There are 2 protein chains.
Amino acid sequence: MVELSNTENQPGGAEAMDGELLSRAERRDQQIQRILDAAKTCFVRSGFQGASMQQICAEVGMSPGALYRYFPSKEAIVEAICEADRQDDMTCFGVLRGATSAAEGLVQAAMAHITHTSMKGSAPLFAEMRSESMRNEAVRATVDGHKGEVAAMIEPLLAEAIAQGEINPVVELPVLMAVLMSVGEGLAINDLPARGVPLDKLEIAFRAMVEGMLRPIKSTPAAE
Amino acid sequence: MVELSNTENQPGGAEAMDGELLSRAERRDQQIQRILDAAKTCFVRSGFQGASMQQICAEVGMSPGALYRYFPSKEAIVEAICEADRQDDMTCFGVLRGATSAAEGLVQAAMAHITHTSMKGSAPLFAEMRSESMRNEAVRATVDGHKGEVAAMIEPLLAEAIAQGEINPVVELPVLMAVLMSVGEGLAINDLPARGVPLDKLEIAFRAMVEGMLRPIKSTPAAE
DNA sequence: CAAATGAGAGCGAACGTTCGCTTTCTGCGG
DNA sequence: CCGCAGAAAGCGAACGTTCGCTCTCATTTG
């Protein structure tokens with residue numbers, strides 16, 4: 001019975017905060033984005049299963065009926081969030097194109113990944129995705145797809161380094177790939193910048209590791 | 001009204017499958033273990049929040065009322081599982097004592113950790129713990145406690161290696177520790193043995209990485 | 001006016017937990 | 001040895017709550 005005359009979020013407002021008029025489609029996209037942002041906040045706070053639709057509705061400032069006009073189910077929101085996070089994360093690996101060397105490309109990509117994850121505070125979401133991917137087919141597909149894309153960018157770099165004898169020949173390419181991808185995940189999940197490890201020192205340590213791993217052991221006599 | 005004459009799991013059976021007589025306390029401990037095993041199965045299958053008490057009850061073959069005689073809440077079961085898993089995992093790091101070198105100790109410990117996690121199929125549980133630790137205070141304490149114990153075993157090994165000039169001096173000890181712990185986590189969560197990476201090849205690649213990271217770059221001129 | 005949009009009440013189901021009651025084990029006086 | 005009282009253990013219905021989701025209806029837009 002209480003009349004809430006909330007001037008914001010009225011259905012037909014058709015304008016954003018800056019007063020700009022928006023078309024229906026634009027307004028719809030904007031609402032979808034608001035829902036995704038709010039849902040991400042809730043999922044980071046409580047996990048995919050722990051966050052309820054009511055909490056998400058409260059975070060958006062929207063009723064359940066309204067929210068269900070934009071997403072058919074909670075699962076659909078989860079998938080959209082994972083997909084968006086995945087695409088967002090992919091931007092970190094653009095540095096791999098045009099890398100001067102395999103080692104430097106890996107270092108730059110990893111640092112971009114770590115920095116991006118830390119700054120956006122999405123380490124909890126990433127951990128949640130990783131955990132959910134072990135039982136949720138759609139999330140697993142998203143995660144694996146992302147890893148596949150990253151791997152496809154790293155692999156030619158390493159393959160060329162191998163061809164030029166720049167990598168310790170006892171290490172096989174697929175294994176090297178798997179280890180590097182796992183290492184990147186571990187670093188991203190742990191969010192070391194947030195735990196007091198400065199980015200520059202982290203880069204130094206990571207570079208030492210990568211260069212050490214890739215550097216051919218020239219002093220070793222019998223490589224055959 | 002239906003009389004279920006289930007000959008198994010009778011309260012006063014006072015004997016295990018092998019017919020051995022058990023005291024009350026022994027039987028109680030045995031029941032607690034059965035509950036933990038069943039709960040772990042459910043948590044791996046559905047996650048901490050996704051698994052219901054009813055599912056756990058069904059898995060144990062016990063009624064809710066009976067189960068609540070052993071644990072006061074679902075949360076208590078989660079904490080007990082995390083604590084047990086943590087203690088179980090600690091056995092992997094015994095190889096650190098008496099390691100011939102820092103690098104070899106790290107390799108052996110990491111391989112033991114990876115093998116243990118993979119063989120026990122506890123990578124999903126580990127991922128779940130890692131995710132839950134970001135919002136659950138008790139789980140976080142357990143995870144951090146575990147990491148602290150492992151770190152306490154690794155640190156003196158690395159400190160001695162540093163003192164003997166066996167580690168690239170540009171890398172600081174705390175940063176090195178943080179990176180190595182993160183790498184170990186990443187490898188454990190990814191469960192590479194289950195994804196087709198043989199343990200021996202994994203060990204070769206990991207050893208190359210660790211030795212490369214620790215090996216001092218003697219050829220580098222200006223170390224100052 | 002027809003279509004679109006959103007608020008909010010409400011649905012059945014499932015949740016974690018508790019309750020009343022029965023069965024079984026244990027220790028003890030006889 | 002027996003019989004019995006109390007503790008321990010278990011059962012399963014039911015609690016109140018919250019879940020994901022749907023429905024109704026008022027309001028706005030083009």
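Quick note: numbers below take in every heavy atom, side chains included, and nothing from hydrogens, waters or symmetry partners. What you see is a predicted model; the values in this text were computed from it and never measured. Letters go in sequence order (proteins before strands), and every chain restarts at 1.
Between the CZ atom of A/Arg69 and the P atom of D/dC23 there is a distance of 12 Å, rounded to whole Å. Residue B/Leu67 contributes atom CG, which lies 10 Å from atom P of D/dC11 at whole-angstrom precision. Rounding to whole angstrom units, CZ of residue B/Arg34 and C1' of D/dA9 are separated by 12 Å. Separating the CZ atom of A/Arg28 from the P atom of C/dA4 is a distance of 10 Å, rounded to the nearest angstrom. One can place CD1 of B/Ile32 at 13 Å from C1' of D/dA9, the figure rounded to the nearest angstrom. The CD-C1' distance, from A/Glu75 to D/dC21, rounds to 15 Å in whole Å. For the pair B/Phe43 CZ and C/dG16 C1', the computed distance is 12 Å after rounding to whole Å.
Here A/Tyr70 reaches the OP1 or OP2 of C/dG6: one of its side-chain N or O atoms lies under 4.0 Å away. Contact check, B/Gln31 against D/dG10: a side-chain N or O comes under 4.0 Å of OP1 or OP2. Considering only side-chain N and O atoms, B/Tyr68 lies under 4.0 angstrom from the phosphate OP1 or OP2 of C/dT17.
Ion pairing of A/Lys120 with A/Asp88 is present here, as a side-chain N (NZ or NE/NH1/NH2) and a carboxylate O approach within less than 4.0 Å. A salt bridge is absent between A/Glu132 and A/Arg140; no separation between the charged side-chain nitrogens and carboxylate oxygens falls under 4.0 Å.
Closest to the side chain of A/Ser63, from the set D/dT22, C/dT17, C/dG6, is C/dG6.
Counting only N and O atoms by type, the side chains of A/Arg34 and A/Gln31 include a donor and acceptor under 3.5 Å apart. Side-chain contact, A/Asn136 with A/Glu79: no donor N or O sits under 3.5 Å from an acceptor N or O.
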When the side chains of residues 38-45 of chain B are checked against the rest of the protein, which donor-acceptor pairs come out under 3.5 Å, sequence neighbours left out?
{"from": "B/Thr41", "atom 1": "OG1", "to": "B/Asp37", "atom 2": "O", "distance (Å)": "3.1"}
{"from": "B/Arg45", "atom 1": "NH2", "to": "B/Glu59", "atom 2": "OE1", "distance (Å)": "3.1"}

Close N/O contacts between protein and nucleotides 12-15 of chain C (under 3.5 Å):
none

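Taking the six-membered ring where the residue is Trp, A/His113 and A/Phe126 present perpendicular rings, their angle passing 60° and hence far from 30°.
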